[in-house]
Number of protein chains: 6
Amino acid sequence: MTTPDPLSAISAKDQAEVLAKALPYIRKFHGKTMVIKYGGNAMTDPALQAAFAADVVLLKLVGINPVVVHGGGPQIESLLKRLGKKGEFVHGMRVTDAETMEIVSMVLLGTVNPQLVSAINQHGAPAVGVSGQDANMFMVTSRDSALGFVGDITKVDATIVKQMLDDSQIPVVATLGTDNTGQAYNINADTAAGALAEALGAQKLVYLTDIAGVRADKDDQGSLLRQATTSQLRSLLGSGAIDGGMIPKIESCVAAIERGVFQAHILDGRIAHVLLLELFTDAGVGTMVSKG
Amino acid sequence: MTTPDPLSAISAKDQAEVLAKALPYIRKFHGKTMVIKYGGNAMTDPALQAAFAADVVLLKLVGINPVVVHGGGPQIESLLKRLGKKGEFVHGMRVTDAETMEIVSMVLLGTVNPQLVSAINQHGAPAVGVSGQDANMFMVTSRDSALGFVGDITKVDATIVKQMLDDSQIPVVATLGTDNTGQAYNINADTAAGALAEALGAQKLVYLTDIAGVRADKDDQGSLLRQATTSQLRSLLGSGAIDGGMIPKIESCVAAIERGVFQAHILDGRIAHVLLLELFTDAGVGTMVSKG
Amino acid sequence: MTTPDPLSAISAKDQAEVLAKALPYIRKFHGKTMVIKYGGNAMTDPALQAAFAADVVLLKLVGINPVVVHGGGPQIESLLKRLGKKGEFVHGMRVTDAETMEIVSMVLLGTVNPQLVSAINQHGAPAVGVSGQDANMFMVTSRDSALGFVGDITKVDATIVKQMLDDSQIPVVATLGTDNTGQAYNINADTAAGALAEALGAQKLVYLTDIAGVRADKDDQGSLLRQATTSQLRSLLGSGAIDGGMIPKIESCVAAIERGVFQAHILDGRIAHVLLLELFTDAGVGTMVSKG
Amino acid sequence: MTTPDPLSAISAKDQAEVLAKALPYIRKFHGKTMVIKYGGNAMTDPALQAAFAADVVLLKLVGINPVVVHGGGPQIESLLKRLGKKGEFVHGMRVTDAETMEIVSMVLLGTVNPQLVSAINQHGAPAVGVSGQDANMFMVTSRDSALGFVGDITKVDATIVKQMLDDSQIPVVATLGTDNTGQAYNINADTAAGALAEALGAQKLVYLTDIAGVRADKDDQGSLLRQATTSQLRSLLGSGAIDGGMIPKIESCVAAIERGVFQAHILDGRIAHVLLLELFTDAGVGTMVSKG
Amino acid sequence: MTTPDPLSAISAKDQAEVLAKALPYIRKFHGKTMVIKYGGNAMTDPALQAAFAADVVLLKLVGINPVVVHGGGPQIESLLKRLGKKGEFVHGMRVTDAETMEIVSMVLLGTVNPQLVSAINQHGAPAVGVSGQDANMFMVTSRDSALGFVGDITKVDATIVKQMLDDSQIPVVATLGTDNTGQAYNINADTAAGALAEALGAQKLVYLTDIAGVRADKDDQGSLLRQATTSQLRSLLGSGAIDGGMIPKIESCVAAIERGVFQAHILDGRIAHVLLLELFTDAGVGTMVSKG
Amino acid sequence: MTTPDPLSAISAKDQAEVLAKALPYIRKFHGKTMVIKYGGNAMTDPALQAAFAADVVLLKLVGINPVVVHGGGPQIESLLKRLGKKGEFVHGMRVTDAETMEIVSMVLLGTVNPQLVSAINQHGAPAVGVSGQDANMFMVTSRDSALGFVGDITKVDATIVKQMLDDSQIPVVATLGTDNTGQAYNINADTAAGALAEALGAQKLVYLTDIAGVRADKDDQGSLLRQATTSQLRSLLGSGAIDGGMIPKIESCVAAIERGVFQAHILDGRIAHVLLLELFTDAGVGTMVSKG
């Protein structure tokens with residue numbers, strides 16, 4: 001099959017032990033749906049991307065239903081720059097005018113999504129790209145007319161994602177939405193992942209980030225939380241201890257768990273195979289959020 | 001429901017007659033799959049696009065399974081120009097280098113496909129965008145290394161399109177392909193439509209074009225053929241009577257019919273609701289191709 | 001397929017417009033069940049009967065589930081006369097003795113039902129005759145022993161009609177009933193249609209009649225109601241404004257709507273294709289009854 | 001449930017023995033389809049009819065799929081007489097003109113069929129009447145234009161009967177047919193039973209008659225055959241040894257067995273519960289026909 | 001099939017009558033589940049065992065779902081003796097030490113169960129042996145540590161028995177249980193039968209015993225009860241009128257009926273085919289227990 | 001879940017690598033059926049038995065369908081001795097008289113099977129014991145009347161095992177058989193495993209043994225074959241190079257592969273988790289047999 005790695009220093013006995021120890025975890029997650037928000041370095045570093053694609057296929061094969069959700073901030077920035085598009089800003093947020101919206105759509109659906117779909121397909125499980133506009137999955141309203149086509153989700157119809165899971169596919173979801181007139185909107189991918197997890201009644205909601213986990217104090221590396229409850233996180237959000245970029249993730253974790261998702265994880269996507277480590281071994285990585 | 005049109009000059013009796021006369025056609029096509037290659041003016045004129053989207057939904061509701069296939073030549077040209085991309089040409093054909101391939105993907109998946117999906121969704125039936133890379137639907141090999149990422153289809157796996165039809169969705173297919181390494185390729189949309197029709201065992205393959213139909217002599221407007229056989233078309237192809245842009249369509253019609261598709265149609269997409277006219281009335285529009 | 005009618009004065013453009021305008025109606029009624037009480041001229045005029053049979057098939061093909069219900073008053077009268085049967089009357093109502101009951105059964109099941117089944121089958125959809133005695137669909141008790149075998153429905157078991165709809169058939173129901181001993185009874189077809197619509201949870205209950213619709217004043221042609229609520233109709237019934245022959249229809253409309261049927265229609269069966277006009281066009285025909 | 005019969009002289013031990021001895025027969029016929037042509041005294045004697053209805057229900061409950069087929073010769077004669085209809089004859093066969101055809105339809109569908117359906121329903125299994133015109137089950141052509149609407153079966157589409165069996169119903173089939181124009185025809189019930197058994201791939205074809213079985217010599221009561229092969233019967237048919245009324249039955253037996261029906265039975269319908277005796281006991285009744 | 005018994009004194013007419021009279025009973029029990037506790041003489045007398053196996057198959061074929069439950073007291077005693085195993089007793093109950101438990105398992109699963117499975121298979125229906133340990137069907141806790149491996153049922157998971165019924169098999173259940181550590185336990189077969197009937201929502205719970213039925217006074221043969229209510233039996237249990245060996249049966253009957261089982265029967269297993277007599281004839285055998 | 005092992009010297013990175021490397025193997029075997037003949041030390045050493053039970057559950061969870069087959073030679077010997085049963089021998093083979101047969105049945109069904117079922121259930125997947133007598137799975141004839149109840153398989157009906165796999169259970173099969181009279185027979189477990197693999201169309205047939213694999217020369221430890229073809233093994237069988245105890249295994253491997261099983265494995269059951277090592281790692285253990 002695959003060529004044995006001559007450098008491998010792991011003994012056969014150790015290999016067997018690692019596999020055997022995965023049993024209770026595999027049994028526990030069998031048949032469960034996991035929504036995985038893909039982003040950060042794992043999206044831009046080719047080796048990490050390949051490891052991620054392989055992990056998602058392994059999850060699928062051992063009976064878990066992974067649903068991958070992604071945005072594409074850096075890639076959007078890059079195309080805007082390339083097209084010489086000067087941004088307009090309102091309250092410090094970029095205005096998404098019609099031209100920007102077209103660029104967002106082109107990047108998410110035409111670049112990020114097919115690359116990830118193709119990478120997963122290469123590992124042997126059928127990945128299928130989905131836009132939040134397909135079958136009106138994400139319905140939105142405009143957040144603020146001054147911001148242009150930035151949408152807030154009003155309704156999630158997860159039917160097509162469920163059908164894909166029934167058809168043994170791996171859905172890869174780009175976070176676009178539609179309003180009542182059929183107009184496309186950009187939506188926050190972290191928030192969309194949480195809303196989709198809720199609509200699917202997922203067991204877990206996982207965020208791949210570029211940090212080691214949630215800190216009780218954003219400036220104290222030693223304050224990393226291995227476990228947190230939703231009420232703890234609410235307090236941290238209230239106290240301003242959470243870093244700006246983490247706020248939508250933390251808010252979505254809390255909201256999703258309060259509406260039925262069992263657990264959420266903030267994982268360090270800079271570690272190769274971090275999904276396998278978190279799900280199938282005793283190694284503690286990142287922050288696990290539970291109800292409480 | 002809809003507001004009655006006060007200007008309508010069609011009598012109730014005539015309306016009833018038109019509907020009643022559609023019965024034998026609806027009965028005949030019930031449960032059949034039709035692959036419709038969408039392109040030309042119908043893709044760029046908003047009113048024609050809206051009429052097309054409505055027609056596709058009507059086909060779906062009366063029990064036909066439409067599958068829409070599209071490319072996006074003009075939109076690709078436009079973005080290339082906007083990005084100041086200078087083309088390289090080999091034997092008069094544009095070379096698709098990596099940057100061009102990314103642009104093709106962005107236009108097809110990020111612009112053309114979601115616009116059409118959204119337009120169909122607006123008429124009340126669930127349209128879902130599909131890339132030929134999803135679940136490795138179109139597998140390709142490079143046509144010519146000098147041309148870059150231009151692919152020839154080697155295998156069509158129509159499973160996901162069939163599942164979408166089983167799930168009562170309208171698939172809207174963008175014609176990208178994948179090679180064995182996961183690399184994306186551009187493929188001719190006319191050819192891809194024919195190959196998909198064949199893989200689906202479709203009843204009909206329909207091309208929306210900007211011409212009235214096939215002419216026996218490309219320069220003689222009066223030589224329009226209402227009906228043609230595959231052998232007739234083979235002769236015309238051999239004699240050079242077919243206009244360059246029509247060649248892939250005609251070749252795909254002939255190939256598809258010889259591999260099991262029942263009939264093909266070259267329709268004039270400049271006529272609003274041309275699909276309804278061709279399928280559900282006695283009005284003769286375009287050229288119908290049958291085996292022979 | 002069908003020969004184009006050379007005399008047709010309806011332009012291709014108009015034909016396309018009529019078909020396209022049917023879309024919102026077809027979408028709206030897709031998958032819904034409609035119980036259609038067939039009677040009056042439409043049952044005795046061959047051209048109207050043929051148009052009715054075609055319309056029912058068209059409804060079936062566009063995804064609606066029509067269920068046809070019929071009695072056969074005029075045909076029963078005719079056979080009674082032919083057999084020289086002198087009627088006995090109680091309170092002005094004909095007594096249904098054993099011999100009359102046999103004649104009713106012969107006419108409904110042996111004449112009216114198979115003719116209609118055959119006419120629908122000719123248009124290409126499988127119609128199947130059903131007697132209310134089959135599988136004990138309509139259970140009845142005697143209305144009044146002085147009237148003989150005239151039954152009032154006590155229970156409707158619509159299982160076989162549902163199975164026929166699941167099997168893609170068009171049920172054509174003759175309104176006979178059975179008591180606990182297995183004895184056959186004659187039942188009012190208008191009432192049976194309403195009871196069946198209710199048991200099926202039908203979307204619509206449609207009566208084909210020989211009048212233009214319900215009048216607010218039975219003697220004033222100009223008082224035709226295009227729309228009516230159940231409470232309006234209750235008032236009219238109380239005030240004596242409703243014509244005798246219409247009373248069972250109006251009462252059944254009101255009862256059915258109050259038990260879950262969404263709308264009822266009193267249509268003028270003397271107009272060819274009146275079903276198509278009412279369901280698929282903006283033309284106002286007859287009276288539509290809604291809850292209120 | 002049922003009141004114990006105080007006069008019953010059969011001991012408990014004997015009752016248990018009879019039931020236990022039925023086991024191998026019930027096992028053998030489980031899941032098999034049996035077409036039973038009902039006729040003769042069993043159709044006209046109320047006690048025999050009740051016993052027949054009960055037997056059919058018992059067959060159904062023990063896992064056999066009975067399909068009952070009937071004509072109605074005597075009842076047709078009786079109505080013709082009552083209506084003062086004088087018959088015209090060609091070659092000794094009654095001409096079925098339009099009026100006669102209507103009478104045939106009224107008697108079969110309006111009298112014989114609902115009576116039998118109701119009798120079976122009374123024993124607790126759902127019987128459903130079927131006309132050979134329903135869903136175009138029996139397609140026919142005219143036998144001889146001089147004979148009027150007498151049809152020969154050209155095609156049997158047993159779909160609706162199969163669906164009824166899937167839906168756990170007992171189909172009761174009246175033997176009418178339809179030509180390509182939708183016109184009704186009378187067909188020989190014995191022949192129709194054989195054709196239906198063949199179309200259903202039935203295990204057994206059973207004729208209830210008024211005779212003890214097939215005789216090797218029609219005039220010799222002692223020549224009764226308990227078992228016969230198709231080739232034996234062919235010889236008897238050729239030699240003129242078969243009584244006129246039995247010819248269609250015997251011919252149908254032979255034809256059905258040669259096209260896949262496993263066995264046929266000519267039973268004496270004058271014996272109460274003859275079906276149970278033949279199927280579930282060692283008692284020899286009637287003639288069993290097998291391939292050979 | 002079976003050779004007619006030349007000595008049979010039962011006339012064909014009587015045979016037909018017995019079969020016809022079974023109809024209302026077969027109709028009544030069709031599709032119902034019956035848990036039958038097999039034991040006593042019927043288990044040790046080869047002729048009675050063969051009759052029982054045949055009866056169970058007949059029940060299955062006429063549409064009833066029999067589930068057979070057995071213990072094996074006498075056979076266990078016999079093997080203990082053969083192995084020279086001296087019993088230890090606590091409060092007069094045998095202590096089930098590890099060695100005894102192994103013997104119980106060997107006898108129930110290795111002797112009694114396969115013999116009965118094989119006997120039923122011989123009559124033509126697929127019997128499948130089931131241990132209460134399979135798929136953790138019977139979960140238990142230790143009754144009393146002094147008694148060793150004697151278990152009380154804490155939970156019944158009847159999934160595998162239901163799947164066997166769905167797969168048209170006859171489950172034959174040996175009454176072993178498992179505790180949380182996977183240790184095997186012996187459980188009272190009468191109690192297990194009642195608990196399983198309850199978990200299956202069975203219609204009937206039947207005990208085959210070596211007595212004629214329940215007596216109001218255990219010492220008065222004339223006090224046999226043909227029918228009893230649960231409250232009557234509760235009184236008898238309270239008053240000490242019930243014989244020791246019957247107590248678990250009577251308690252299980254009462255408990256099962258109070259938790260949804262419709263009726264219970266105490267039958268005399270010494271009568272051949274007692275199941276058929278009770279279920280399909282008017283003959284009164286044993287005691288029937290109903291709610292009250 | 002499980003307590004992290006503080007002594008574990010395998011780094012998180014190594015653990016992730018081992019799991020990730022299992023992906024291609026899991027993908028390859030997904031949905032495949034594997035028949036595993038369990039025996040030797042793995043059956044008698046409690047730690048190895050626990051590891052085996054865990055491995056079987058892991059196989060099940062990652063989408064493989066394991067079917068476990070076992071005999072029980074040593075345990076049978078032990079009970080025979082305990083019962084003081086003196087064996088009779090014919091041509092060096094033990095005669096299986098009725099008493100011995102009962103002992104075989106008690107050991108296999110009453111001791112070995114439930115122990116293994118219970119051990120697998122403890123790891124969280126539903127194991128169900130199956131006797132080859134259930135539903136007449138293994139039909140046999142006597143090998144030699146002098147040997148008593150030693151059977152050779154004449155027919156395998158794997159229906160119940162397939163149903164168990166459809167019901168997501170792990171079948172654990174004891175190798176008993178039945179002849180036409182219902183008599184139980186002992187059958188060789190190695191042979192039965194091969195026959196069952198063939199009947200199931202299994203992908204793999206795996207033998208757990210107490211040796212390192214097949215040797216080209218039974219006396220030369222260095223002649224271990226890592227891979228062998230069926231023709232190689234046929235030669236070795238012919239040349240007498242195969243050790244006696246291995247002959248039925250090798251013959252069954254060859255026969256099974258020639259009748260459609262894809263591969264067979266002779267594994268060293270003395271190594272803990274040998275199944276995981278062979279199936280999911282690059283470590284070479286035992287001998288793999290392929291067609292050739």
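In this text the structure is predicted, and so the values were computed from the model without any measurement. Note on naming: letters A, B, ... go to the chains in the order of the sequence lines (proteins, then strands), and numbering restarts at 1 for each one.
The CD atom of E:Q15 sits 9.5 Å away from atom CG of D:D14, with the distance rounded to the nearest 0.5 Å. Atom NZ of D:K13 sits about 12.0 Å away from atom CD1 of E:I271, to the nearest 0.5 Å.
Both the backbone and the side chain of E:L23 come within less than 4.5 Å of a heavy atom of chain D. For D:A16, the parts sitting under 4.5 Å from any heavy atom of chain E are the backbone and the side chain alike. Heavy atoms of D:L58 lying under 4.5 Å from chain E belong to its backbone as well as its side chain.
Around the CZ atom of D:R226, the shell of radius 6.0 Å holds more than 12 heavy atoms that belong to other residues, nucleotides or ligands.
The two residues D:R27 and E:G124 have their closest heavy-atom pair at CD-CA, 3.7 Å. Across every non-hydrogen atom of E:A22 and D:L19, the tightest pair is CB-CD2, 4.0 Å.
For chain D, the option among E:V62, E:D55, E:L276, E:L61 with the highest count of heavy-atom pairs below 4.5 Å is E:L61. Each of E:G31, E:A283, E:A272, E:A12 has some count of heavy-atom pairs under 4.5 Å with chain D, and the biggest count is that of E:A12.
The side-chain heavy atoms of D:I10 and E:V18, taken from C-beta on, include a pair separated by under 4.5 Å.
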